[in-house]
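Only one structure is covered here, and it is reproduced in the block below.
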Amino acid sequence: MQGTRVTYPPAATIALEEAVKKGDRHTMIKLTRVYEPASSADGARYLVERLWPRGMKKTALRIDAWLKDVAPSTTLRRWFNHDPKKWGEFQRRYRRELNANPDALRPILNAAQQGNVALVYSSHDAEHNNAVVLKEYLEEKLEKKSHPPRKSAA
């Protein structure tokens, strides 16, 4: 058909569908910008910004919770200022803040054990933002929970 546009699901969605077909219980942590429409596949949606996104009405953003305490501190956010040259150091400092505040992560980790989770962020840069670091950090925590270290035979 001429003029018909075909769209394909993202690779992450295909991987999730394959896992479901195999009967695997696999949680997907997804990143989504606040300006993208919510999806039924998102699962629990958490805004992971310290400041409310510009131009968004609170009634328009479908989220389960606004978790300000998982966002980088104001000092770290201002220092980073979305500068890709500072990305490596930002990740180290932000992970240190996350390690110091494990209770703030509990709602996301609990939701991830039940199903999919979407981390909602407002940055224009999809590669260099706190949600990217938070997603990796949470996946590491979930991996450790699902595969506890083995005790060595003495």
Side-chain angles (χ1 to χ4, degrees), residues 8-53 61-154:
Y8 297 96
T13 303
I14 293 168
L16 178 62
E17 289 169 356
E18 290 301 314
V20 169
K21 284 178 190 171
K22 292 178 188 171
D24 298 341
R25 174 121 173 96
H26 178 74
T27 296
M28 182 173 62
I29 298 178
K30 174 183 172 182
L31 300 177
T32 186
R33 285 197 68 224
V34 294
Y35 308 104
E36 295 172 3
S39 164
S40 59
D42 286 350
R45 292 172 47 93
Y46 296 102
L47 178 62
V48 293
E49 299 286 352
R50 191 156 301 272
L51 303 174
W52 189 262
L61 188 57
R62 199 197 68 120
I63 56 172
D64 292 279
W66 179 14
L67 302 177
K68 297 177 199 175
D69 291 338
V70 301
S73 65
T74 301
T75 304
L76 180 56
R77 182 178 51 80
R78 287 181 178 161
W79 171 83
F80 177 50
N81 197 30
H82 302 287
D83 182 352
K85 291 181 222 138
K86 296 178 180 177
W87 179 240
E89 183 61 23
F90 171 77
Q91 291 179 79
R92 283 186 285 284
R93 292 181 186 191
Y94 183 35
R95 283 174 169 271
R96 209 173 354 198
E97 288 184 358
L98 293 170
N99 285 334
N101 194 8
D103 288 342
L105 301 168
R106 192 159 291 137
I108 303 171
L109 290 170
N110 289 344
Q113 290 174 329
Q114 303 302 312
N116 294 340
V117 172
L119 303 178
V120 182
Y121 68 95
S122 58
S123 174
H124 293 283
D125 185 341
E127 293 179 45
H128 306 100
N129 67 69
N130 64 293
V132 171
V133 180
L134 181 58
K135 177 183 187 293
E136 291 173 4
Y137 185 88
L138 291 166
E139 287 173 340
E140 290 166 13
K141 293 284 184 199
L142 290 166
E143 183 66 25
K144 283 181 184 174
K145 273 188 173 183
S146 67
H147 297 97
R150 292 182 179 166
K151 294 182 182 178
S152 60

Please answer whether the main-chain N or O of [Y] pairs with a side-chain N or O of [X] as donor and acceptor at a distance below 3.5 Å.
X	Y	result
Gln91	Val133	no
Asn130	Val48	yes
Arg45	Val120	no
Asn81	Asp83	no
Lys86	Trp79	yes

Indicate the atoms forming the closest heavy-atom contact of [X] with [Y], along with that distance.
X	Y	value
Leu142	Ala112	CD1-CB, 3.6 Å
Lys30	Ser39	NZ-CB, 4.1 Å
Ala41	Asn116	O-ND2, 3.2 Å
Arg95	Tyr137	NH1-CD1, 3.5 Å

Taking atom [atom1] of [X] and atom [atom2] of [Y], what is their separation to the nearest 0.5 Å?
X	Y	atom1	atom2	result
Leu134	Glu139	CG	CD	10.0 Å
Leu105	Tyr46	CG	OH	11.5 Å
Ile29	Asp42	CD1	CG	12.5 Å
Ile63	Leu119	CD1	CG	12.0 Å

Original post:
Is any side-chain N of the basic residue among Arg93 and Glu89 closer than 4.0 Å to the acidic one's carboxylate O?
Top reply: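 So Arg93 pairs with Glu89 through a salt bridge.
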Donor-acceptor pairs under 3.5 angstrom involving side-chain atoms of residues 69-78: please list them, not counting sequence neighbours.
unit_1: Ser73; atom_1: OG; unit_2: Leu76; atom_2: N; d: 3.1
unit_1: Ser73; atom_1: OG; unit_2: Glu97; atom_2: OE2; d: 2.6

**OP:** Kindly assign one of parallel, tilted or perpendicular to the pair Tyr35 and His124, based on the angle between their ring planes and the thresholds 30° and 60°.
**Re:**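 Rings of Tyr35 and His124: parallel, as their planes differ by under 30°.
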**OP:** State which residues pass salt bridge (charged side-chain N to carboxylate O under 4.0 Å, His left out) with Arg50; sequence neighbours excluded, sorted by chain then number.
**Re:**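 For Arg50, no residue satisfies salt bridge (charged side-chain N to carboxylate O under 4.0 Å, His left out) once neighbours in sequence are set aside.
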Original post:
ring-ring contact (aromatic ring centres under 6.0 Å, His included) with Trp52: which residues, sequence neighbours excluded?
Top reply: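 Partners of Trp52 by the ring-ring contact (aromatic ring centres under 6.0 Å, His included) criterion, ordered by chain and then number, come out as Trp66.
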